[in-house]
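First the structure, in the form of structure tokens, and then the observations on it.
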Amino acid sequence: QVHLVQSGGGLVQPGGSLTLSCVISGRAVSRYATGWFRQTPGEEREFVSAISWSGRDTYYSDSVRGRFTVSADAAKNTVYLQMNSLNTDDTAVYYCGINRGLYGSSWYPVSEYDYWGQGTQVTVSS
């Protein structure tokens, strides 16, 4: 079975930083791409960032590029999302997901991910 367990998140002031972690079991990050998405009430889950199974390629939405950094530790089978210069528009529930395809190369659609973490709230507020 595949499980993703998230940690991190919380309340931070505008301009602050947070790091999200996602520990994965049952599927190796060295063989499957992983991604981060976020969702606000009444909205669809939106792509934030992804990292390829090789770890060599990273992808970001326009709204977070330059502020967020995705990384993976294959030895720990964990992916991270370092979030800097947070603003109120970043407030959402954040989810990590793992790609359904072995050595897959499609990052953006929600449908490409078949297992998800439990979600973690990130609130940016003064």
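Since this is a predicted model, take the numbers as computed values, not measurements.
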Next item on the list: Write down the atom of Tyr113, the atom of Thr34, and the distance for their closest heavy-atom approach.
Entry: CE2-C, 3.9 Å

Next item on the list: Begin with the C-alpha distance, continue with both residues' side-chain angles, and end with the deciding distance and a verdict on side-chain hydrogen bond (donor to acceptor under 3.5 Å, both in side chains) for Gln13 and Ser126.
Entry: CA-CA 5 Å; Gln13 291 187 338; Ser126 56; over 6 Å; no

Checklist line | Phe37-Trp116 aromatic ring centre distance below 6.0 Å | finding: yes

Next item on the list: Could you tell me whether a side-chain N or O of Gln6 sits under 3.5 Å from a main-chain N or O of Ser21, the two making a donor and an acceptor?
Entry: no

Check: Closest approach of Leu4 and Gln118, non-hydrogen atoms and distance?
Finding: O-OE1, 3.8 Å

Next item on the list: Verify the cluster assignment for Val122 and Leu11: are they in a single hydrophobic cluster under the rule of side-chain heavy atoms below 4.5 Å apart?
Entry: no

Margin query: Under a 3.5 Å distance rule, please check whether Asn77 uses its side chain to pair with a backbone N or O of Ile24 as donor and acceptor.
Written below: yes

Notebook entry, point to check: What distance do Thr58 atom OG1 and Phe68 atom CZ have between them, rounded to the nearest 0.5 Å?
Noted result: 14.0 Å

Next item on the list: Treating Ile, Leu, Val, Met, Phe, Trp and Tyr as nodes and any side-chain heavy-atom pair under 4.5 angstrom as an edge, say whether Trp36 and Leu86 lie in one connected cluster.
Entry: yes

Note to self: Could you check whether any side-chain N or O of Ser52 sits under 3.5 Å from a backbone N or O of Asp57, counting only pairs where one atom can act as donor and the other as acceptor?
What the structure shows: yes

Note to self: Same cluster or not: Tyr60 versus Val29, using hydrophobic residues (I, L, V, M, F, W, Y) connected whenever any side-chain heavy atoms lie under 4.5 Å apart?
What the structure shows: yes

Next item on the list: Report the distance from atom SG of Cys96 to atom OH of Tyr115, rounding to the nearest 0.5 Å.
Entry: 14.0 Å

Next item on the list: Answer with yes or no whether the hydrophobic clustering places Tyr32 together with Val23; edges join I, L, V, M, F, W, Y residues whose side-chain heavy atoms lie under 4.5 Å apart.
Entry: no

Next item on the list: Spell out, yes or no, whether Val12 and Val48 are grouped together once hydrophobic residues are joined by side-chain heavy atoms under 4.5 Å, including indirect joins.
Entry: yes

Checklist line | Spatial distance of atom CD1 (Ile51) from atom OH (Tyr80) [nearest 0.5 Å] | finding: 11.5 Å

Margin query: Nearest 0.5 angstrom please: Ile98 CD1 to Cys22 SG, how far?
Written below: 8.0 Å

Check: If you measure only the distance, is there a donor-acceptor pair under 3.5 Å linking the side chains of Gln82 and Thr19?
Finding: yes

Notebook entry, point to check: So which pairs with a foot in residues 87-101 pass salt bridge (Lys or Arg N to Asp or Glu O under 4.0 Å), sequence neighbours left out?
Noted result: Arg38-Asp90, Arg67-Asp90

Next item on the list: Check the side chains of Thr123 and Ser125 for a donor-acceptor pair under 3.5 angstrom, ignoring hydrogens and angles.
Entry: no

Margin query: Which heavy atom of Gly9 sits nearest to which heavy atom of Leu20, and what is that distance?
Written below: N-CD2, 3.2 Å

Next item on the list: Determine whether Tyr59 and Tyr108 make a side-chain contact, defined as any pair of heavy atoms from C-beta on separated by less than 4.5 Å.
Entry: yes

Margin query: If we ignore hydrogens and angles and just use 3.5 Å, is the side chain of Arg27 paired with the main-chain N or O of Asn99 as donor and acceptor?
Written below: yes

Next item on the list: Please report the shortest heavy-atom distance between Val2 and Gly26, naming the atom on each side.
Entry: CG2-O, 3.9 Å

Check: Honestly, is Arg45 close enough over Tyr95, meaning NZ or CZ under 6.0 Å from the six-membered ring centre and within 45° of the axis?
Finding: yes

Next item on the list: Provide the closest heavy-atom pair for Thr40 versus Ala92 in the form atom of the first, atom of the second, distance.
Entry: CG2-CB, 3.7 Å

Notebook entry, point to check: Does a side-chain heavy-atom distance below 4.5 Å link Tyr94 with Met83?
Noted result: yes

Check: Does the pair Glu112 and Trp107 meet the rule for a side chain to side chain contact (heavy atoms under 4.5 Å, CB included), with working shown?
Finding: CA-CA 7 Å; Glu112 291 299 324; Trp107 337 106; over 6 Å; no

Item checked: Side-chain H-bond candidate by donor/acceptor type, Ser17 with Asn84, under 3.5 Å -> yes

Notebook entry, point to check: Between Thr91 (side chain) and Val124 (backbone), is there a donor-acceptor pair under 3.5 Å?
Noted result: yes

Check: Which pair of non-hydrogen atoms, one from Ala33 and one from Gly104, has the smallest distance, and what is that distance?
Finding: CB-O, 4.4 Å

